[in-house]
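Proteins get letters first, then strands, A, B, ... in listed order; numbering begins at 1 in each. For clarity, every value in this text was computed on a predicted model and none was experimentally measured.
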Protein chains: 2
Amino acid sequence: MPFRIKIPRSTIDRLPLYYRCLNLIEEHGIEEISSQVLGVRVGVDPSVIRKDLAWFGELGKRGVGYNVTYLKEAIGRILGLDKEWPFILVGAGKLGMALAEHNRKYGRHFHLVGVFDRDPEKFGLMVGGQRVSPMEEMPAFVKEKDIKIAMLAVPAEEAQKVAHELVKCGIKGILSYAPITLSVPEDVLVYNADYNLDLQRLAYYLSNDGNISWGE
Amino acid sequence: MPFRIKIPRSTIDRLPLYYRCLNLIEEHGIEEISSQVLGVRVGVDPSVIRKDLAWFGELGKRGVGYNVTYLKEAIGRILGLDKEWPFILVGAGKLGMALAEHNRKYGRHFHLVGVFDRDPEKFGLMVGGQRVSPMEEMPAFVKEKDIKIAMLAVPAEEAQKVAHELVKCGIKGILSYAPITLSVPEDVLVYNADYNLDLQRLAYYLSNDGNISWGE
DNA sequence: ACTTGTGAATTGCTTCACAGCG
DNA sequence: CGCTGTGAAGCAATTCACAAGT
């Protein structure tokens with residue numbers, strides 16, 4: 001009888017950190033690693049790493065540690081990186097173009113299959129190995145190829161409208177660079193990549209040293 | 001007698017969301033807002049908003065709600081956005097350049113004052129309103145202008161080395177686009193802007209629908 | 001001897017429910 | 001009456017400490 005367990009969000013948030021680090025460690029030719037050492041490399045407490053991994057079975061060997069390649073591949077499978085994820089980019093401005101080019105060079109597991117924009121001047125331009133197509137062609141394209149992920153790099157004013165369209169044709173995950181909170185149905189996931197959010201968080205800690213003070 | 005209270009990290013993480021949204025609401029000419037309505041706009045439970053804001057005093061009026069402009073400015077002060085933050089960019093590749101241009105157009109509260117790269121071919125290029133300077137000039141520049149924030153957009157191989165240099169000349173906050181976990185002293189803050197992390201988290205939820213299944 | 005996997009204790013955050021005020 | 005501010009309850013995540021395994 002199949003049953004399902006909910007994995008803590010914080011665990012999922014850390015898995016890509018482990019994965020990224022294990023890739024590097026593997027390249028260095030290291031075969032075994034302890035939660036201790038991995039912890040230092042990813043900046044996470046070893047017991048957190050062990051708890052995180054334990055959700056998915058017994059991935060390590062007691063007294064020894066974790067096999068780097070095996071663990072890397074296990075985490076890859078957990079994250080769904082054993083398949084290639086096609087995604088589209090909406091918005092071929094400077095930022096969108098740079099992201100697309102960057103992905104072409106460094107992207108693993110995710111490949112750009114379409115770029116869309118409203119501006120006719122952009123049509124036909126090559127961006128990240130794809131020709132920019134008019135926004136009107138997006139719905140058919142996404143439905144036909146059954147694409148689930150979109151990167152959104154359009155101006156704030158357009159972002160909500162575009163998000164709506166994306167959802168309507170079946171997109172389930174959006175990585176948004178737009179500086180607004182998108183409203184989407186709850187079965188659609190949005191990650192905010194607007195770097196101003198992070199800059200502002202930085203500013204808080206730099207201003208307040210993590211606290212606020214009162215009194216005299 | 002001065003005393004200090006620790007604000008939850010999750011509260012700080014949400015403040016920029018509120019701030020971003022309040023700016024928009026203010027532009028629409030709305031003067032008062034309840035935690036209820038704001039909650040819908042930012043996708044956060046109203047009681048979370050009230051608890052978050054309560055850390056900083058009584059910012060609202062019972063029976064009425066929050067004054068939009070007043071609240072926006074209060075949050076701005078809390079985050080340290082009442083001052084302008086100068087920052088530098090290290091790495092004038094495609095991504096760095098796009099980020100710099102983007103910041104010039106849309107950046108509030110943070111302004112780019114220097115761009116550095118190791119590649120002599122880049123020297124002198126205009127990026128985000130600044131001329132690209134050789135990496136060697138960075139330490140003197142940062143120290144002299146007392147800059148605290150850096151954006152890091154260099155290849156993985158260089159990133160750790162550069163992070164070290166940044167820390168050595170007084171940088172306290174790094175927004176890193178490099179696909180590695182940087183190791184820095186604990187009084188230095190690093191935010192990871194590597195979008196592959198978010199794509200991988202998306203992939204997990206799209207693959208597993210938030211769960212994993214066992215058994216038969 | 002060393003390191004994982006894991007229940008138990010602890011800490012921190014969110015949700016609830018309502019008193020306090022406009 | 002409506003909405004904030006807040007103690008208390010409930011839930012989730014981290015930390016601890018050690019048994020289990022190599």
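Under 4.0 angstrom from either OP1 or OP2 of dT14(D) there lies at least one side-chain N or O belonging to Arg14(A).
Distance from the side chain of Ser34(A) is smallest to dT3(C) among dG5(D), dT6(C), dT3(C). Of the candidates dT14(C), dT6(D), dC16(D), the closest approach to any side-chain atom of Ser47(A) belongs to dC16(D). The listed nucleotides are dT6(C), dG5(D), dT14(C); the one nearest the side chain of Ser10(B) is dT14(C).
Judged by atom type and distance alone, Arg62(B) does not reach the base of dG5(D) through any side-chain donor-acceptor pair under 3.5 Å.
Taking atom CZ of residue Arg50(A) and atom P of nucleotide dC2(C), one finds them 15 Å apart after rounding to whole Å. Between Lys51(A) atom NZ and dA17(D) atom C1' the separation is 11 Å, expressed in whole Å. Rounding to whole angstrom units, CG of residue Asp45(A) and P of dA17(D) are separated by 13 Å. Protein atom CD of Glu32(B) is 12 Å distant from nucleotide atom C1' of dT4(D), rounded to whole Å. What separates CG of Leu71(A) from C1' of dG5(C) is a distance of 14 Å, to the nearest Å. At whole-Å resolution of the value, NZ in Lys61(B) and P in dT4(D) are 12 Å apart. Atoms CG (Leu53(A)) and P (dT3(C)) sit 16 Å apart, rounded to a whole Å. As rounded to whole Å, 19 Å separates atom P of dT4(C) from atom CH2 of Trp55(A).
The aromatic rings of His102(B) and Tyr195(A) stand perpendicular to each other, their planes meeting at an angle above 60°, with 30° marking the opposite boundary. Note on ring orientation: taking the six-membered ring where Trp is involved, the planes of Phe110(B) and Trp85(B) are parallel (angle under 30°, cut-offs 30° and 60°).
Backbone-only engagement by Ser35(A) is indicated by non-hydrogen atom pairs under 4.0 Å involving sugar-phosphate atoms exclusively.
In terms of position on DNA chain D, the residue among Pro8(A) and Tyr66(B) whose nearest nucleotide sits closer to the 5' end is Tyr66(B).
Side chain to side chain, His111(A) and Glu84(A) meet the donor-acceptor criterion of an N or O pair below 3.5 Å. Looking only at atom types and distance, the side chain of Tyr18(B) has a donor-acceptor partner in the side chain of Asp52(B) under 3.5 Å away.
Salt bridge status for Glu31(A) with Lys61(A): absent, with no side-chain N to carboxylate O gap under 4.0 Å.
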